[in-house]
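Scope of the values below: all heavy atoms of this structure, side chains included, with no hydrogens, waters or symmetry mates. In this text, all values refer to a predicted model and were calculated from it rather than measured experimentally.
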Amino acid sequence: MLIFAPEAEVPLRQELGSYLSQLASHSHGSSHQFAALAIGQRGRDLVIGRGVNIKFAALDAIICAEMVAMASLIIQGAVLQRMFLFGPGESCGTCLQLMTEHPQLREKSVGEFAPAVQIDYFDGNSQWAKAENLEQLLPRPFLNSRRAAFRLAQNSPNLRQLLKAEQVLGLVHQPIAAMPVVGDIKKAVALLAAQAERSALGDRAILTGLVTQAGELYSGIRLHPGGPYAASSVLTALATLITARGADTPLARVILLGGDGGNMAAAVADASKQPAEINTARHLLRAYQLRLGQDPHQLPVGLYDQNGHHLADHLLGDLPLLVDQ
């Protein structure tokens with residue numbers, strides 16, 4: 001399925017190949033360089049998500065470029081329309097599943113879905129290689145009632161519009177910009193709370209906000225509603241920061257926000273709990289700061305519920321273990 005007219009594809013591919021190659025140079029921690037551009041639709045507006053392949057030494061954690069780009073779309077409340085990928089290989093099964101869970105839906109009977117998402121692959125020489133349809137790459141994705149309901153909630157008969165090459169290039173040429181907070185934590189929390197609402201994940205929306213020492217805010221979101229409490233939101237937040245700024249930007253503050261606050265509030269209220277062993281999220285933050293010569297134990301971490309109400313403040317060194325039961 002071609003979304004653009006054939007004559008518009010050639011110049012689009014040439015320009016995107018060059019841009020994706022440059023973006024892929026931000027890949028970190030792996031010998032493989034990948035980059036992804038996800039074009040999504042929110043109402044009648046088009047938005048873009050960018051990502052690169054990142055491997056963290058902490059726990060050997062890897063996040064694919066497609067996941068970083070998809071996290072950006074989800075935070076913006078957009079539905080995937082088209083994906084452009086640069087690298088030596090194709091998307092893994094986990095990325096295809098994630099793309100399937102947040103697709104543009106056609107009008108079908110209740111319980112059915114049909115992703116009409118084209119994925120364009122570019123090789124390591126920045127040349128367009130092929131186009132595939134998500135439905136063909138993952139014909140039998142895992143489904144359950146909760147995820148099916150989420151997809152249907154994203155559906156709208158008026159959502160789809162024809163994508164034009166100049167629209168995509170206009171998005172690509174927009175600079176990657178962080179949200180400035182310059183020490184205004186209330187503003188940062190309000191921005192994250194708004195993103196949680198736009199994500200359509202409801203009470204299962206978990207976000208991490210990373211405030212840099214320059215006063216910029218980068219955010220990430222838990223990609224799968226059933227996943228660990230903070231691990232994937234911290235992972236996508238760090239990956240988003242590295243995609244935009246590189247892996248040499250120290251942090252000044254971490255904000256954990258989301259869910260109904262139940263588990264988080266319970267952990268905060270139970271004073272008998274001893275400081276937990278470092279879990280994945282803490283380990284990632286600790287390793288990131290250490291690599292930059294920062295003291296990770298003194299990194300402030302604020303806990304907030306999904307509506308932005310403050311629960312507690314900690315330092316990373318004494319942050320309680322947060323679990324999702």
**Request:** Count the heavy atoms belonging to other residues, nucleotides or ligands that lie under 6.0 Å from CD of E197, then report whether that count exceeds 12.
**Result:**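 Check fails, neighbour count at 12 or below.
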
**Asked** In this structure, are over 12 heavy atoms from other groups packed under 6.0 Å from Q213 atom CD?
**Response**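 Enclosed: over 12 neighbouring heavy atoms sit under 6.0 Å from CD of Q213.
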
For the residue pair [X] and [Y], what are the closest heavy atoms and their distance?
| X | Y | result |
| --- | --- | --- |
| A71 | L223 | CB-CD2, 3.7 Å |
| P296 | L316 | O-CB, 3.2 Å |
| G220 | T236 | CA-OG1, 3.2 Å |
| Y121 | E90 | CE2-CA, 3.7 Å |
| P88 | H32 | CG-ND1, 4.1 Å |
| C92 | C64 | SG-SG, 4.0 Å |

Using atom types as modelled and distance alone, determine if a side-chain donor or acceptor of [X] lies under 3.5 Å from a backbone N or O of [Y].
| X | Y | value |
| --- | --- | --- |
| K187 | P180 | yes |
| D305 | N307 | yes |
| S27 | V52 | no |
| R291 | A247 | yes |
| Y288 | P250 | no |
| D318 | L315 | yes |
| Q289 | L251 | yes |
| S21 | S18 | no |

Could you tell me whether the side chain of [Y] reaches within less than 4.5 Å of the side chain of [X], counting heavy atoms only?
| X | Y | answer |
| --- | --- | --- |
| I206 | I221 | no |
| L303 | D313 | no |
| F86 | Q127 | no |
| S126 | Y19 | no |
| V47 | L171 | no |
| L23 | L37 | yes |
| I119 | L96 | yes |
| L311 | Y304 | no |

**Message:** Quiz question: by atom type and distance under 3.5 Å, do the side chains of Q33 and H28 form a donor-acceptor pair?
**Reply:**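 Note: Q33 and H28 side chains miss the donor-acceptor criterion.
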
**Prompt:** Going by atom types only, do S72 and Q76 share a side-chain donor-acceptor pair under 3.5 Å?
**Reply:**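 Result is yes, a qualifying pair exists.
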
**salt bridge (charged side-chain N to carboxylate O under 4.0 Å, His left out) contacts touching residues 238-253 (sequence neighbours left out)** =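 Only E216-R245 qualify under salt bridge (charged side-chain N to carboxylate O under 4.0 Å, His left out).
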
For the [atom1] atom of [X] and the [atom2] atom of [Y], what is their distance to the nearest 0.5 Å?
| X | Y | atom1 | atom2 | result |
| --- | --- | --- | --- | --- |
| I63 | T240 | CD1 | OG1 | 7.5 Å |
| L134 | C95 | CG | SG | 11.0 Å |
| Q81 | Q167 | CD | CD | 10.5 Å |
| L16 | L85 | CG | CG | 11.5 Å |
| M67 | I74 | CE | CD1 | 10.5 Å |
| S233 | R222 | OG | CZ | 8.0 Å |

**Prompt:** In terms of the angle between their ring planes, are F122 and F84 parallel, tilted or perpendicular, with boundaries placed at 30° and 60°?
**Reply:**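 F122 vs F84 ring planes: tilted.
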
**Request:** Report the C-alpha separation of I75 and S219 in whole Å, then their side-chain angles, then the decisive distance to 0.1 Å, and conclude whether the side chain to side chain contact (heavy atoms under 4.5 Å, CB included) test is met.
**Result:** CA-CA 8 Å; I75 285 174; S219 56; 3.7 Å; yes

Would you kindly confirm whether [X] and [Y] end up in one hydrophobic cluster when ILVMFWY residues are joined by side chain heavy atoms under 4.5 Å apart?
| X | Y | result |
| --- | --- | --- |
| L290 | V254 | no |
| V117 | L138 | yes |
| M99 | I62 | no |
| M83 | F34 | no |

**Message:** By the definition side chain to side chain contact (heavy atoms under 4.5 Å, CB included), identify the one residue from N53, T243, L235 that meets it with V68.
**Reply:**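 Looking at N53, T243, L235, the match for V68 under the side chain to side chain contact (heavy atoms under 4.5 Å, CB included) is T243.
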
**Prompt:** Are N133 and Q118 close enough, and set up right, to give a side chain to side chain contact (heavy atoms under 4.5 Å, CB included), and what steps lead you there?
**Reply:** CA-CA 5 Å; N133 191 290; Q118 179 175 315; 5.7 Å; no

**Prompt:** Please walk me through it: do L210 and T208 pass side chain to side chain contact (heavy atoms under 4.5 Å, CB included)?
**Reply:** CA-CA 7 Å; L210 302 178; T208 293; 3.8 Å; yes

**Request:** Evaluate the side chain to side chain contact (heavy atoms under 4.5 Å, CB included) criterion for residues V172 and I48: first the C-alpha distance (whole Å), next the side-chain angles of each, then the deciding distance (0.1 Å), finally the verdict.
**Result:** CA-CA 7 Å; V172 169; I48 190 171; 3.9 Å; yes

